[in-house]
Amino acid sequence: MAEDLEAFRKDVRAWLADNCPPEMREPLKDVEDRCWGGRRFKFKNEAQKLWLDRMAAKGWTTPEWPKEYGGGGLSREEAKVLRAEMARINARSPLDSFGIWMLGPALLKYGTEEQKQKFLPPIIRGEIRWCQGYSEPGAGSDLASLQTRAEDRGDHWIVNGQKVWTSYADKADWIFCLVRTDPAAKKHEGISFVLFDMETPGVTTKPIVLISGNSPFCETFFDNVRVEKENLVGTLNKGWDVAKYLLQHERTMIGAMGQAAGVRPLGQIAKSTVGMDGEKLADTLLRTDIARLDVDLMAFKLAMERTTDRIKRGLSDPAAASMLKYYGTELNKRQYELVMSVGGAEALEWESERSRKGDDARTWLRTKANSIEGGTSEVQLNIIAKRILNLPGA
Amino acid sequence: MAEDLEAFRKDVRAWLADNCPPEMREPLKDVEDRCWGGRRFKFKNEAQKLWLDRMAAKGWTTPEWPKEYGGGGLSREEAKVLRAEMARINARSPLDSFGIWMLGPALLKYGTEEQKQKFLPPIIRGEIRWCQGYSEPGAGSDLASLQTRAEDRGDHWIVNGQKVWTSYADKADWIFCLVRTDPAAKKHEGISFVLFDMETPGVTTKPIVLISGNSPFCETFFDNVRVEKENLVGTLNKGWDVAKYLLQHERTMIGAMGQAAGVRPLGQIAKSTVGMDGEKLADTLLRTDIARLDVDLMAFKLAMERTTDRIKRGLSDPAAASMLKYYGTELNKRQYELVMSVGGAEALEWESERSRKGDDARTWLRTKANSIEGGTSEVQLNIIAKRILNLPGA
Amino acid sequence: MPLVLTEEQTMLQESAAGFLAESGVKELRRVRDERDPDGFSRDLWKAFAEMGFTGILAPEAFGGLGLGHVEAGVVMEEIGRNLTPSPFLSTAVIGVSALKHASEDRKADLLPRIVAGDLVTALAVDEGAKHNPARTAMSATRSGNGFRLDGKKSFVVDGHVADLMIVAARTAGSTGEQDGLTLFVVDPKTRGVSIERTVMVDAHNAARIDFDGVEVDADAVLGEVDGGWKLLEGVLNAGRAALASEMVGVGDEAFTRTVDYLKQRQQFGRLIGEFQALQHRSAHLWSDLEVTKAAVLKALQMLDEAPDAAAPYVSVAKARAGRTCTLAVQEAVQMFGGIGMTDEVDIGLFMKRGRVGQELFGDDNFHADRIARMASY
Amino acid sequence: MPLVLTEEQTMLQESAAGFLAESGVKELRRVRDERDPDGFSRDLWKAFAEMGFTGILAPEAFGGLGLGHVEAGVVMEEIGRNLTPSPFLSTAVIGVSALKHASEDRKADLLPRIVAGDLVTALAVDEGAKHNPARTAMSATRSGNGFRLDGKKSFVVDGHVADLMIVAARTAGSTGEQDGLTLFVVDPKTRGVSIERTVMVDAHNAARIDFDGVEVDADAVLGEVDGGWKLLEGVLNAGRAALASEMVGVGDEAFTRTVDYLKQRQQFGRLIGEFQALQHRSAHLWSDLEVTKAAVLKALQMLDEAPDAAAPYVSVAKARAGRTCTLAVQEAVQMFGGIGMTDEVDIGLFMKRGRVGQELFGDDNFHADRIARMASY
């Protein structure tokens with residue numbers, strides 16, 4: 001077993017050496033360098049496209065998905081080896097995708113065989129870019145009160161309503177969307193999970209400018225949009241189950257974001273901004289905060305590992321994803337407050353090359369959304385109070 | 001005006017020099033050294049009694065109370081000068097007394113002339129020691145749900161019930177007590193504020209052992225206790241008003257406790273326990289916490305000053321006392337966590353002379369009650385949310 | 001001195017509040033979105049002068065009001081509430097505080113122009129990413145009749161629009177020492193001065209300035225040669241306390257808007273202000289703000305009454321303002337939820353200004369450290 | 001190694017939980033109220049031996065179970081839940097970890113007696129109020145065939161009941177240096193040793209020990225002369241991780257009791273567990289405990305699998321356990337309210353043990369500092 005893994009590691013290393021273009025081993029200069037794929041995506045350069053195509057051909061954009069749909073079919077251990085080997089040579093992610101992170105897992109669990117055959121391969125190859133249509137103006141944390149209506153017209157629905165916080169809706173090809181299919185049912189009942197093309201007549205999007213200066217989200221409007229019934233995922237009026245399953249994935253992902261980002265160690269950066277006093281940072285208060293953060297970052301990484309291991313053993317807590325989401329996002333916000341503190345005046349520059357066009361400041365501001373999107377910290381705490389602690393009235 | 005004050009300062013200084021016995025200028029060795037007065041109080045020594053009598057004769061045990069009842073009749077500025085001059089020579093407080101801190105202000109506001117004449121002078125002279133009968137086993141934070149009943153018998157009531165957290169009930173001479181005089185009324189209505197002698201037949205007390213190892217509180221039982229109607233303070237069934245007024249005094253006092261205690265500066269103590277590294281404490285994390293505490297202690301002291309000044313100007317916020325109580329007690333707890341941290345292993349010793357019989361540890365444990373007694377921190381936050389912020393449903 | 005505003009100060013507060021609320025946060029948006037080359041409105045600044053604000057700290061002999069730091073703080077707090085971009089801090093507070101130490105001739109020349117709203121000044125002190133005046137490395141070497149300045153300054157507020165700069169440089173001693181610093185009054189148009197405006201996250205003015213063999217006369221010296229530390233500290237303390245006051249305004253306004261929002265926004269069929277967890281966090285924040293307000297007012301009063309003893313109070317005020325304002329804007333964004341993340345709503349602007357205010361003239365760590373140093377631990 | 005207990009470890013956990021819950025917190029009260037001269041029950045300790053717990057870390061060749069630190073941690077966590085006074089930490093964890101480095105003869109002599117529950121050991125390392133092994137000042141000077149020990153030790157767990165002490169002393173170098181330390185095995189009955197039991201806030205054992213010209217043979221040395229640091233660190237790390245596990249037990253049990261109380265106590269006509277502010281604080285604390293549990297299990301696993309790389313994990317575990325347990329007991333006392341302040345209820349006992357556990361072998365500051373040093377900042 002361990003020997004098989006070592007053999008696999010060797011193969012991977014050799015393949016990566018041959019196939020990962022040198023340009024794809026450079027750190028991202030900015031968010032614009034990320035590869036999102038999709039019908040309208042413009043590759044930065046030849047290398048980016050090559051890297052995506054080669055990885056997709058092996059199924060390694062989704063290492064653990066089944067081979068039959070074009071995935072890598074790797075075991076969890078093998079996937080870990082692949083990630084480690086990619087990290088070793090600083091290989092960039094070949095494809096960032098809500099299709100991979102969110103829709104895919106839901107389809108694998110709730111999709112029909114036809115749906116899997118139809119939608120998974122283009123996700124894996126980065127041909128179709130997806131966005132998520134959950135939140136509405138009046139239904140942020142309170143998703144169950146959503147208003148977007150789908151009227152039954154026999155073989156299709158006609159959808160009317162409005163979504164907000166649709167990630168990159170202006171750049172996405174398709175949307176997975178919660179709509180109300182039974183207006184008489186209340187709250188969590190009567191909601192369905194459907195898929196449709198963003199080019200369907202009646203769909204319009206309007207980007208939202210964020211405090212970070214970026215516009216990764218849109219308002220999305222549906223005006224008599226036709227949705228085929230074959231594009232219903234899961235059971236009619238039971239879309240809430242799919243959404244919940246998917247939210248857990250999203251929560252774990254958002255919670256883990258700070259980890260994945262690969263922030264430079266703050267203790268090292270601080271050396272140049274506040275200087276040393278003997279063997280310690282001259283600003284001993286900043287040193288204290290960094291040391292305490294480092295302790296917590298390391299512990300949180302272990303908590304993520306432990307949660308995965310517990311799930312594998314069938315020991316998962318009902319609200320483990322809520323815990324990771326809550327703790328991880330709050331930690332990430334704390335981390336970026338310190339990034340700003342360590343960076344000092346330089347990190348406050350918004351447009352200079354010196355500050356990589358305000359990269360630290362923009363990311364700092366972006367982290368503030370972590371504890372809001374995918375269920376606020378307050379909602380996660382409610383869930384823990386109810387499902388883990390069984391507190392009355394929670 | 002300023003000149004008058006300077007003249008007063010001179011007089012005070014001279015008087016103190018002549019009248020404060022040298023033993024009363026030594027720091028308290030332990031809590032046993034405090035003077036509480038009362039019928040059964042045993043003075044530690046001649047000096048303690050002398051000091052009390054001399055100060056009481058001037059009315060300076062209650063510097064700002066009216067002269068007609070035996071108080072000092074000083075202005076606020078003069079009282080400040082007196083306190084400053086006492087502090088200058090490290091003079092001990094001549095008298096600690098719930099009569100002074102709590103009952104007195106309530107009597108001055110709500111008492112009849114007869115009640116003032118009868119009760120204030122013995123408080124000032126330390127002849128009668130008072131305790132407070134508010135909390136009951138089922139009514140901690142929720143004072144309004146108290147059950148102790150007072151049955152009307154014409155010129156007197158018959159009181160039955162039980163109190164808890166009666167400070168030094170086993171040592172007190174009289175009690176001020178909340179009793180339900182109208183059992184039909186609900187919650188805050190139908191409660192009255194009455195006074196009676198702890199030697200009245202039917203009163204028994206039972207000390208509660210605290211985690212600090214001390215027993216400053218009792219359970220107190222009333223079994224057909226006769227209370228004269230002339231000892232009602234304020235209006236019948238409106239005892240809640242008196243209690244609220246008095247709670248505000250208590251809150252401010254508890255909030256201020258950490259300040260009054262005169263803790264040695266932690267930065268200095270830490271020098272000997274963790275050592276120095278150049279000009280800074282060798283434990284830079286401890287240094288961080290001490291520095292941040294010092295900032296907050298200083299700011300809180302100013303907040304108390306500001307609140308007093310605002311009240312004088314008629315600018316008082318409705319819940320200022322709640323703010324001081326909440327913030328001050330939480331700060332005090334934080335301070336004593338640091339006292340323990342600075343003291344290290346030595347502060348953990350419970351009985352040794354070295355640790356002054358566990359003085360730090362016992363005080364640390366005692367501070368945990370600060371945010372519970374006199375209305376919990378949670379109750380204070382509720383009050384602020386309701387009365388200052390006008391939040392819905394608060 | 002009681003820790004409350006006098007009647008006159010309260011009147012000033014009301015008039016500043018009314019005046020500044022007229023343009024409100026819109027003015028910051030205009031400056032930012034139009035990429036205003038000055039970074040503030042000259043007309044608005046003239047109106048400041050007409051209101052008398054520019055001359056609050058200037059002696060009456062030079063056309064000022066001859067008032068104190070408490071009054072300057074009152075205006076700063078309202079600037080904070082409205083996020084008003086203006087050279088009030090750099091010029092009316094710091095510039096005037098510094099130039100009070102100039103020769104009578106220079107005062108007679110400069111102060112009336114500041115009071116009239118015709119002259120903007122800037123203090124160039126920081127060199128690295130973090131505030132640390134003792135680490136000043138920029139050199140001033142004797143040269144001819146005067147000095148020659150070489151070095152780089154950063155985070156110079158209003159540096160690119162200043163008509164006059166006050167520059168800290170080292171005439172003796174080495175980096176890290178307080179002795180050996182000297183302050184210079186420098187015309188930005190002098191040869192060898194190059195200025196780069198740095199657009200900041202909060203859309204307020206800042207610049208980096210290079211001094212490459214800049215020659216100044218001997219009378220450019222403000223105060224004493226090698227003995228500039230005390231003067232610099234005094235000027236900085238004035239700036240720090242004023243900034244703390246601005247941050248109280250920023251935090252308090254963000255808080256007020258949040259509490260209003262809690263009373264309007266519905267989720268799960270209830271106003272979110274009904275949720276006790278949010279109530280407690282709001283009540284805590286209110287308490288925190290109250291304590292900070294006391295600390296800031298005291299620092300301002302000390303600058304007026306006993307400036308030599310003001311340093312610890314100023315550090316407590318700036319440290320508290322930094323932490324409290326940070327908490328206030330964080331809670332604001334979280335409680336506003338998604339909408340708080342959008343540029344459409346003002347809350348994010350308060351967060352940005354709060355962050356810059358925290359960093360400027362020493363963050364809460366810098367000032368708590370100063371408290372520890374003063375107590376020698 | 002997955003971060004979950006194996007089946008065998010889970011079985012051990014269940015058996016330890018059952019065994020220790022039998023006497024429960026009552027045992028600590030008995031020891032305290034009777035002023036038990038040993039500070040623990042010899043009978044209970046014999047029962048530990050019968051359960052095999054005393055020999056968890058001892059090799060099978062010497063009668064032990066030959067298990068690892070994870071298993072020792074499992075028992076420690078249950079000790080924490082029940083606040084059980086016992087020499088498990090000092091003897092079965094630290095004593096065995098240290099004596100594994102002794103000669104075969106000595107191991108054959110001592111380990112079986114530990115396993116049988118007949119021998120208690122104590123580690124004498126701290127000298128000041130705060131844990132700082134590098135600052136060891138106690139001297140060991142060559143004398144005749146051996147060494148002469150002079151100095152004072154404090155906070156020696158089980159020091160007054162130990163049959164054998166492991167003592168850190170300086171054979172070279174000066175205070176503050178890691179080099180030059182040597183560990184000695186010392187019989188407490190040796191002339192010149194004087195022991196003062198110090199009654200502690202948590203009613204657990206500790207002592208101060210004076211060494212006044214104590215003569216020991218050359219074979220009293222454990223490991224290498226002057227090279228004791230690495231060995232000492234290894235032994236301390238074993239103790240720290242085990243203690244972190246105990247503190248997880250203390251904090252988790254205090255938390256569990258608090259959540260139960262929230263479901264019973266009524267105020268204002270509602271169960272206090274219905275109040276959202278308390279719900280959120282409880283949910284936060286649960287999350288905090290989960291994260292700490294992961295860190296502690298990892299540290300224990302590292303000690304078993306890669307002890308040379310375990311140090312940072314141990315420090316993370318001890319730092320987290322210190323902070324989390326402190327938060328847990330603070331929230332417990334506050335949420336219990338007045339009743340939590342009384343000795344009648346157990347909650348205060350958890351707070352007391354938590355405080356001592358925080359201080360022993362380095363508090364969270366000490367260990368976060370170690371993390372910073374390892375990353376050289």
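Note that the structure is a prediction, hence the values are computed from the model and not measured. Below, read A as the first sequence line, B as the second, and so on, with proteins coming before strands; counting in each chain starts at 1.
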A:Ile383 versus A:Val379: any side-chain heavy-atom pair under 4.5 Å?
yes

Side chain / backbone / both / neither for C:Thr198 at chain A, heavy atoms under 4.5 Å:
side chain

For each of C:Val201, C:Ile347, C:Ile272, tally heavy-atom pairs with chain A at distances under 4.5 Å, and name the one with the top tally.
C:Val201

A:Trp350 ring centre to C:Arg32 NZ or CZ under 6.0 Å, with the angle to the axis within 45°?
no

Which residues share a side-chain contact (heavy atoms from CB on, under 4.5 Å) with C:Thr326, sequence neighbours left out
A:Glu337, C:Gln330, C:Gln358

Using a strict cut-off of less than 4.0 Å between a Lys/Arg side-chain nitrogen and an Asp/Glu carboxylate oxygen, indicate whether C:Arg281 and A:Glu378 qualify as a salt bridge.
yes

Given that the side chain runs from C-beta out, which part of C:Glu359 has a heavy atom under 4.5 Å from chain A: side chain, backbone, both or neither?
side chain

If the contact rule is any heavy atom under 4.5 Å from chain A, which residues of residues 366-377 of chain C qualify, in numerical order?
C:Ala368, C:Asp369

Whatever's closer than 4.5 Å to a heavy atom in chain A on C:Leu278 counts as side chain

To the nearest 0.5 Å, tell me how far C:Asp363 CG sits from C:Arg355 CZ.
7.0 Å

Give a yes/no verdict on a cation-pi contact between C:Arg270 and C:Phe275, requiring under 6.0 Å between NZ or CZ and the six-membered ring centre and an angle within 45° of the axis.
yes

Considering only NZ, NE, NH1 and NH2 on the basic side and carboxylate oxygens on the acidic side, decide whether A:Arg334 and A:Asp296 come within less than 4.0 Å.
yes

Within 6.0 angstrom of C:Gln266 CD, more than 12 heavy atoms from elsewhere
yes

When only heavy atoms count and the cut-off is under 4.5 Å, which of residues 387-394 of chain A reach chain C?
none

Report, by ascending residue number, the residues of residues 341-349 of chain A in heavy-atom contact with chain C at a distance under 4.5 Å; give 'none' if the set is empty.
A:Ser341, A:Val342, A:Gly343, A:Gly344, A:Ala345, A:Glu346, A:Leu348, A:Glu349

Counting heavy-atom pairs closer than 4.5 Å to chain C, which one of A:Arg362, A:Arg354, A:Met340 comes out on top?
A:Arg354

How far does CZ of C:Arg353 sit from CD1 of C:Ile79, to the nearest 0.5 angstrom?
9.5 Å

